[in-house]
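Below: the structure, in structure tokens.
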Amino acid sequence: MTLLVADGLNKSFGGVIAAKNVGFQVAAGELIAIIGPNGAGKSTTFNMIGGQLVPDTGTVTFDGTVVTGLTPRAIWRRGIGRTFQVAQTFVSMTVAENVQMALQSFNGESWQLWTTAHTLRHGETLALLNAVGMGDAAGRPISELAYGDVKRVELAIALASAPKLLLMDEPTAGMAPAERDQMMRLVQRLAQETQIGVLFTEHDMDAVFAYANRILVLVRGEIVAQGTPEQVRSDPLVKRVYLGELGTEAIDEAMRDTVGRDRVGRDTVGGGS
């Protein structure tokens with residue numbers, strides 16, 4: 001089942017092209033990674049899907065409905081959750097209270113936030129925390145947690161809205177190697193068990209190639225390659241541009257050299273540029 005279709009997304013800021021004809025799909029239960037050098041357009045693409053930016057042209061279709069131009073909150077309520085590079089939590093509250101706040105907000109109970117946050121939706125809160133391996137820490141203040149555990153709590157908060165699609169901005173940022181692997185295994189398990197689609201950006205290439213079902217490579221706002229990890233790893237342009245064999249001035253020439261050649265996944269993935 002296809003959850004998300006990005007079709008011909010373009011976005012410029014003044015004379016700078018941040019996204020050029022970006023197109024791809026995400027299916028239920030699928031983990032899709034977006035990678036690329038700094039300034040490649042990863043954040044712009046995420047923000048066009050999440051509603052923080054409106055594309056100049058192109059459409060975003062989620063679960064069969066065009067959501068282009070809707071507010072971030074409207075898109076969130078339709079079933080697109082998000083986590084951030086720097087975890088977004090209330091450090092003065094307990095682990096459970098953070099998740100309870102999210103549940104109350106999603107269910108329209110915000111008028112009760114400051115009076116009964118510690119008692120409302122207790123069972124649902126523990127279920128979400130247990131799903132991310134943080135049930136035993138429910139009563140602890142967020143401020144006492146290691147950063148990897150804070151990221152797990154943020155994931156539970158994102159899951160409180162019962163999303164069908166999860167946008168994860170560098171889910172392993174700031175983590176030690178062992179924590180990165182644990183986080184990605186957790187995300188992979190949740191995607192498989194609940195059929196949530198996951199679209200994530202990540203600088204840790206070990207995590208990307210170990211856990212992504214498909215990878216999109218952005219350079220200068222354009223998808224230059226997409227496909228399975230094996231396909232992307234062997235793509236000549238990806239090796240030259242993304243793995244650092246070319247300097248900045250040579251990137252445009254390398255991309256021009258690809259005109260006319262078949263890019264990874266163009267005929268099999270249903271998108272790209």
Side-chain angles (χ1 to χ4, degrees), residues 1-6 9 22-36 41-52 60-64 67 72 75-88 102 106 128 131-134 148 150-175 179-218 223 226-229 232 265 269-272:
M1 173 185 167
T2 299
L3 288 176
L4 179 77
V5 178
L9 299 180
V22 172
F24 59 90
Q25 299 181 7
V26 181
E30 190 174 35
L31 272 69
I32 306 297
I34 301 180
I35 66 173
K42 302 185 295 294
S43 294
T44 298
T45 299
F46 252 47
N47 288 335
M48 287 190 291
I49 294 168
Q52 289 80 15
V60 177
T61 303
F62 174 66
D63 202 20
V67 296
I75 290 174
W76 169 68
R77 296 203 69 85
R78 286 178 179 268
I80 298 181
R82 185 166 183 176
T83 66
F84 296 85
Q85 181 177 354
V86 178
Q88 306 291 301
F106 183 71
L128 287 169
V132 300
M134 292 298 293
V150 174
K151 297 282 277 189
R152 286 174 177 263
V153 175
E154 187 194 32
L155 177 56
I157 291 170
L159 294 173
S161 62
K164 296 180 180 179
L165 175 69
L166 194 57
L167 306 180
M168 304 190 75
D169 189 357
E170 298 198 36
T172 70
M175 293 184 177
E179 290 177 316
R180 295 174 197 163
D181 186 62
Q182 291 171 2
M183 172 60 80
M184 292 310 301
R185 280 192 282 113
L186 170 61
V187 173
Q188 183 184 60
R189 176 176 61 80
L190 288 171
Q192 291 173 346
E193 291 179 355
T194 65
Q195 288 298 288
I196 294 174
V198 178
L199 181 67
F200 70 100
T201 65
E202 185 57 67
H203 278 101
D204 184 346
M205 291 300 99
D206 289 338
V208 168
F209 284 95
Y211 292 99
N213 299 114
R214 287 190 290 116
I215 300 171
L216 314 176
V217 184
L218 278 173
I223 295 180
Q226 59 177 302
T228 65
V232 169
V269 181

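One is the number of the first residue; the rest follow in order along the sequence.
The shortest non-hydrogen separation linking Ala212 to Ala33 is CB-CB, 3.9 Å. The two residues Glu202 and Asp204 make their nearest non-hydrogen contact at OE2-N, 3.2 Å. In terms of heavy-atom proximity, Leu3 sits nearest to Gln195 at CD1-O, 4.5 Å. The two residues Phe62 and Arg78 have their closest heavy-atom pair at CE2-O, 3.2 Å. Shown here for Met205 and Ile35, the closest heavy-atom pair between the two residues is CE-CG2, 3.7 Å. Across all non-hydrogen atoms, the minimal contact from Ala131 to Arg189 is O-NH2, 2.9 Å.
Side-chain contact between Leu128 and Val132 is absent, with no heavy atoms from C-beta onward closer than 4.5 Å. Taking 4.5 Å as the limit, some side-chain heavy atom of Arg152 sits within range of a side-chain heavy atom of Gln182. For the pair Met168 and Val198, the minimum side-chain heavy-atom distance is below 4.5 Å.
To the nearest 0.5 angstrom, Leu166 atom CG is 6.5 Å from Leu155 atom CG. Here the CD1-CD1 distance, from Ile75 to Ile80, works out to 6.0 Å after rounding to the nearest 0.5 Å. Between atom CG of residue Leu199 and atom CG of residue Asp169 there is a gap of 10.0 Å, rounded to the nearest 0.5 Å. Here the CG-OG1 distance, from Leu159 to Thr194, works out to 7.5 Å after rounding to the nearest 0.5 Å. Here Thr172 contributes atom OG1 and Phe200 contributes atom CZ; the two are 8.5 Å apart, rounded to the nearest 0.5 Å. Between the CD atom in Glu179 and the CE atom in Met184 there is a gap of 14.0 Å [rounded to 0.5 Å].
None of Leu167, Thr45, Val217, Val22 except one satisfies the side-chain contact (heavy atoms from CB on, under 4.5 Å) rule with Ile34; the exception is Thr45.
Within the 3.5 Å criterion, the main-chain N or O of Glu170 finds a donor-acceptor partner in the side chain of Thr201. Side-chain N or O atoms of Asn213 include none that pairs as donor or acceptor with a backbone N or O of Ile32 at under 3.5 Å. Remark: the backbone N or O of Glu30 is not paired with any side-chain donor or acceptor of Arg214 at under 3.5 angstrom.
Taking the ring centre of Phe106 as origin, the terminal cationic atom of Arg77 falls inside the region bounded by 6.0 Å and 45° from the ring axis.
Every side chain to side chain donor-acceptor pair (under 3.5 Å) that Ser161 has, sequence neighbours left out, goes to Trp76.
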